[in-house]
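Everything numeric in this text was worked out from a predicted model, so none of it was measured.
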Amino acid sequence: MVSFASILLAEMGDKTQLATLLLSARSQDLTVIFCGAAAALISTSFLGVWAGAWVAQLIPPRWMRTLAGVGFVLIGLGLLGESLAAGG
């Protein structure tokens, strides 16, 4: 339930959903659009789960949390720096 809710919220309004909306507006066969979009999401989810399991075997969970935290902080600082440089 947690992964369903997390992915549902994360995917709402993203560019994939907008692309699917545009394809649906142009297509007469909505079943094909739905099946293609569902297959794409399943495929990327499978790759994410597989890659996560592989990385978890190589890197201890504590290091993974630390690396993820540092990565998010660096991304945030980079975005903040860009925003300040742009005058916004």
Would you list the atom pairs, donor with acceptor, under 3.5 Å between side chains in residues 52-69 and any protein atom, with sequence neighbours excluded?
{"residue": "Thr66", "atom": "OG1", "partner": "Arg62", "partner atom": "O", "Å": "3.0"}

Which side-chain N or O atoms in residues 16-25 pair as donor and acceptor under 3.5 Å with protein atoms at least two apart or in another chain?
{"residue": "Gln17", "atom": "OE1", "partner": "Gly13", "partner atom": "N", "Å": "2.3"}
{"residue": "Thr20", "atom": "OG1", "partner": "Thr16", "partner atom": "O", "Å": "2.9"}
{"residue": "Ser24", "atom": "OG", "partner": "Thr20", "partner atom": "O", "Å": "2.9"}

Which side-chain N or O atoms in residues 27-45 pair as donor and acceptor under 3.5 Å with protein atoms at least two apart or in another chain?
{"residue": "Ser27", "atom": "OG", "partner": "Asp29", "partner atom": "N", "Å": "3.0"}
{"residue": "Ser27", "atom": "OG", "partner": "Asp29", "partner atom": "O", "Å": "3.4"}
{"residue": "Asp29", "atom": "OD1", "partner": "Thr31", "partner atom": "N", "Å": "3.4"}
{"residue": "Ser43", "atom": "OG", "partner": "Ala39", "partner atom": "O", "Å": "2.8"}
{"residue": "Thr44", "atom": "OG1", "partner": "Ala40", "partner atom": "O", "Å": "3.2"}
{"residue": "Thr44", "atom": "OG1", "partner": "Leu41", "partner atom": "O", "Å": "3.0"}
{"residue": "Ser45", "atom": "OG", "partner": "Leu41", "partner atom": "O", "Å": "2.9"}

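Interatomic distance, Leu9 CG to Phe4 CZ, rounded to the nearest 0.5 Å: 9.0 Å.
Grouped with Leu79 in one hydrophobic cluster are Ile75, the linkage being side-chain heavy-atom contacts under 4.5 Å among Ile, Leu, Val, Met, Phe, Trp and Tyr residues. Applying the under-4.5 Å side-chain rule to Ile, Leu, Val, Met, Phe, Trp and Tyr, the cluster around Val70 extends to Leu74. Other members of a hydrophobic cluster containing Trp50 are absent, since no ILVMFWY side chain comes under 4.5 Å of it, directly or through relayed contacts. Taking a 4.5 Å side-chain heavy-atom cut-off between Ile, Leu, Val, Met, Phe, Trp and Tyr, the cluster of Met1 contains only that residue.
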